[in-house]
Structure formats: C-alpha cells, structure tokens
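Proteins come first, then strands; the chains are lettered A, B, ... in the order of their sequence lines, and each starts at number 1. Quick note: numbers below take in every heavy atom, side chains included, and nothing from hydrogens, waters or symmetry partners.
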There are 2 protein chains.
Amino acid sequence: MKVARSTPAFQPLYQQIKSLITQGLISGEWSPGSVIPSEIELARRYEVSQGTVRKAINELAAENLLVRHQGKGTFVSSHAEENRRYYFTRIAADRGERVLPDAELLEFRRGKADARVAARLGVSAGASLLVLRRVLRDAGRPVILETVRLPAALFRGLTAELLAQRGALLYSTYESVLGIRVLKAEESIKAVRADAEAAVRLEVEPGSPLLAVERVALTYGDRPVELRHSLCNTRDYHYQARIV
Amino acid sequence: MKVARSTPAFQPLYQQIKSLITQGLISGEWSPGSVIPSEIELARRYEVSQGTVRKAINELAAENLLVRHQGKGTFVSSHAEENRRYYFTRIAADRGERVLPDAELLEFRRGKADARVAARLGVSAGASLLVLRRVLRDAGRPVILETVRLPAALFRGLTAELLAQRGALLYSTYESVLGIRVLKAEESIKAVRADAEAAVRLEVEPGSPLLAVERVALTYGDRPVELRHSLCNTRDYHYQARIV
DNA sequence: GAGTGGTCTAGACCACTCA
DNA sequence: GAGTGGTCTAGACCACTCA
C-alpha cells in the first residue's frame, strides 16, 4: 500500500505509518504476543524508508502498544507478559512487593447503565452491562472489594466459569478471550467511610476509612471499555503513583 | 569538547551527549526558561552529527527537562511555565478544574530528621530540616493540610517571608530562588481518619476519612529533595492518576 | 530571509539472537 | 552467518518564528 504524501489535511508520513500499524493491531492481523514484520519489510510494504518506519514503531513502543527486542524483532505487547501483568495494579503492600491477589467472585450478573455509569463508559443510558463483584485477598486477608462494569455488547462470551478458571488478572482475560486490549486507565481517588457491606467483606469496622478508586480503562482511540470501583483497606497497603 | 567513541564501558554517543547537556542544566549554564544552543551549534561543540544531538534532546524533552518549539529553539523547562505550573497538583475539584490553592503558612521551623524521614530524604538520621506546614484553601474552604520537610543544607536561604510573598506553588520558588529543580515525584496514598488537629484545620469531624498522600520529590539523578505529607478532604475533591 | 526545529531518505556499521 | 533492531552520519527539504 502506498501512503499519501500530500493530502489536504497534511500528516507526516510516520504518523500515517503509525495509523496503518495500529490498524493492523486493531484488526487482529498481528495479535498480542506475536511478532510484527521487520522494519525493512514494513518499509517495503508501505514504500517509505526504514527510518520512517522506525520512527513510527518507536512511538508505538513508547505508548506501550509494541515492544522491541534487539536481535529478535518487534512484538505486540500483551497483558500476559511478565512485565505487563502487574502494570495496572497500583496497590502494594507497605512492606514488600506488589500484591498478587487471589480473587473471590461474589457476583456475576447483567445490569443496566444508569446515567453516571453510561457517561463514564460512553454508552447510552440504560445500556446492558455485565457487572462483576470480587474480593481480592492477599495472604488470605481481604484487601480490596471491587465492582467491575462492562458494556455487555463488547463482552459477549464472558462467563463466570471463564473468570473462575482464570486468575485475578482481568485484562489478560479480556485480551486473550475477547480480543479487548486495555491500553491505559484514568483513576480518580477519594477517601470514604466503609459502609456495612464493605465492612463485612473487608473485615473492618463500619465507618473505617477506605480508599475508593474509580477507574476507567481505555482501549484504542481512548475508547472506554471498563468502569471499575475499588474499595481498598489501606491499613497495610498503599496506592502507588508516579508524577513524571 | 570531544566525546569518547569507544570507552571500556561503552555508551552510545547520544547518551553521552544527554549527560553533557544534563551537566549544563545542573551547573546552571542554561537556566530554567532560557534557550539552549541550537542543534547545529551543539553538534559542532560536541563534534557529532546533528541527528545524534537531536536524539539526545528528544529524550531529554520526553523526560520533561527540555521543551522544544519549532522555529524558536529548545528551552530549559521551568515550573514558571503555564503548562508546568500545575503539573504536580494531582488534586482536582469534582466539578471543574484543578484547584488553584491559596496557601496559609501555619508554621515554619527547623527540625531534625527521624529515621523514617531521613531514609525517605536520603539524609542521615538527625540531619537538620526545614519544616513547613500549610493549609491550602479553594474558594475559601480548607482542602489540604500539608507538612513539607526539606533538607536544611539544600534549602539555605528559604524564609517564611519568601514563602509568604510567593504563591502556593513551592516548586517554582525552589527553582527560581534556590536553583533546586523538582523533576518528578513518587506518591504513596492511604485513607486515614482525621486526627484532632486535621479535623480543626480542615473543618471536618474528627475521625472523618481523609486522603493521606506522602510525596517524595526528586531532582536530577533521582535525588530526593522534598518530603511532603498531605491530608486532603476528598468530599468535593479527588486525586487524579493516570496509568499509561 | 535567516534561523530554528521537524521530517525523510540512504546507507554504513554495531549489538544481539538464534539456528 | 543470516536476520533483527540500535546507532550514527550526511544531506535534502519542510514548517514555523521573528525581525
């Protein structure tokens, strides 16, 4: 395919190559974990120089869509990879490493999006949702009570059995089972009082302070795909953030 | 200055150029807000190609140390710049924009680092500190109660008068008055109960849930320069985080 | 129009991986 | 040794800024 070099709305060549490669990722031509064609091959295919392809790939790698390995090739990044697995887990134990939680599925049901949820998920009010609630434990102690809302239209095929047989890490399931790739997330955090249910589930006094995290997870084009509310007992845990 | 092209511990040329430019920033040869020499001039100075200088500058720009402006030049980034001013302010109003706080200095004193503080700040236990406590208000209502600890050796010359006459944004003061550049920060967040003092200062009931943020601010070489504890009333505010 | 950074090319050579 | 990405160069031309 030949790219346009002068269009009414001019875009640099490497930006056009970025879009073409991203299309290949969205369409599934190259799937998570697999290798994409070499720079030289892509340069031939798109009829641009290797340097232009490299610039496009470097930006996609900086955005964590691709991973480069000298001598081996360029790979589609995947939540199954060791270093991506806990990328979205921001809760860590005060002493020690990031929590590898063990998830107990409390509930898995269909629901409808109210106005607020609909706005966050970019669906219309009343749209059908899958709702799942879980408790995440660390070393047997409950740490996080979580409610996850997913647009049912997107997550057709997700079942409680599937969730049970795969671990606590949902994004790897979304990716491999449903082909939905979570790329980034925006979180909004507050301190709240434990309500009666949270107190029971997290084994704290009612009214205890909990960290409330609302996450919107985004896929290609910043399209929201998941809304997640977590209540976290931060007595022995904390949320890690970095400002760079 | 000629850079080494083959050293025992080999480093790519552009990495060496990055270090040289960073040295210029640390030494104050180029100060915040000012323009650094053009790519062509730096290429001449370091006896490398323009492309190599560009690669070095691009990485420094990606790390927010430099800001490029086509047609104008490459500038040392500064906390005084409009788009850097609120970069480290992660608390926002639920409805509306990031908070422009109005700071009341409660206390400004010398202190000593206990073991925990010393570890965070990378100073020896018992080291002399400047400690300042403030309340940040938004639209007249108190939102954040903050304790800031600074290694006294680094912050010689910082006075209560100086803090009073400049606004709530400390990093711009550190930068312009003391030549200390905060580049990034690591935060650890918990939900806690308001103690008696926080309750009074933030006008909430004792025991109310507050967001407790511990920040370590870092300068060049990831050296810590500030330890900040914030207690935030998140009733109408939230902490924003992004996972990319 | 001179000077800046931004894009693009072509080509050389290096570092790493793997059979 | 063939193939991958990584570094480096030289040079052309474009887009933007400012006097």
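Contact check, B:K55 against D:dC8: no side-chain N or O comes under 4.0 Å of OP1 or OP2. Contact between the side-chain N/O atoms of A:S38 and the OP1/OP2 oxygens of D:dT4 is found at a separation under 4.0 Å.
Side-chain contact check for A:S78 and A:E175: at least one donor-acceptor pair (N or O, by modelled atom type) lies under 3.5 Å. Side-chain contact, A:S19 with A:T22: no donor N or O sits under 3.5 Å from an acceptor N or O. Neither side chain, B:Y239 nor A:E187, offers a donor N or O lying under 3.5 Å from an acceptor on the other. There is a side-chain donor-acceptor pair under 3.5 Å between B:Y174 and B:E226.
Listed candidates were C:dA10, D:dG6, D:dA10. Nearest to the side chain of A:S49 is C:dA10. Between C:dC8, C:dT9, D:dT9, one nucleotide has an atom nearer to the side chain of A:Y14 than all others, and that is C:dC8. Considering only the side chain of B:T52, D:dT9 comes nearest among D:dT9, C:dC8, D:dT7. You'll find that the side chain of B:L13 is closest to D:dC8, out of C:dG6, D:dC8, C:dT7. Counting only heavy atoms from C-beta on, A:N58 has its side chain closest to D:dG6 among C:dC8, D:dT7, D:dG6.
Rounded to whole Å, the distance from CD on B:Q11 to C1' on D:dC8 is 15 Å. The separation between A:I17 atom CD1 and C:dT7 atom C1' is 13 Å, rounded to whole Å. Taking atom CG on B:L42 and atom P on D:dT9, their separation rounds to 14 Å, with Å as the unit. The distance from atom CD of B:Q16 to atom C1' of D:dC8 is 12 Å, rounded to the nearest whole Å. Straight-line distance from the CD1 atom of B:I57 to the P atom of D:dC8: 15 Å, rounded to whole Å. Atom CD of B:Q50 is separated from atom P of C:dG3 by 14 Å (rounded to the nearest Å). Atom-to-atom, CZ of B:R44 to P of D:dA10 comes out at 13 Å; the value is rounded to the nearest Å. Straight-line distance from the CD atom of B:E39 to the P atom of D:dC13: 19 Å, rounded to whole Å.
Side chain B:R54 to base C:dG5: no donor-acceptor pair is found below 3.5 Å.
The two residues A:T219 and A:L183 make their nearest non-hydrogen contact at C-CD1, 3.7 Å. Residues B:F155 and B:L130 come closest through the heavy atom pair O-CD1, 3.6 Å.
Non-hydrogen atoms lying under 4.0 Å from DNA chain C are contributed by A:Q70, A:G71, A:K72, all within residues 67-78 of chain A.
Note that NZ of A:K184 and CG of A:D222 are 4.0 Å apart. Values are rounded to the nearest 0.5 Å.
In terms of modelled atom types and a separation under 3.5 Å, the side chain of A:R228 and the main chain of A:V213 share no donor-acceptor contact. No donor-acceptor pair under 3.5 Å is formed between the side chain of B:D236 and the backbone N or O of B:A93.
The salt bridge (Lys or Arg N to Asp or Glu O under 4.0 Å) analysis of residues 28-40 of chain A, with sequence neighbours excluded, yields the pairs A:E29-A:R45, A:E39-A:R54, A:E39-A:R68.
For DNA chain C, each stem of at least three Watson-Crick or G-U pairs (distances under 3.5 Å) is given as range with range: C:1-18 with D:1-18.
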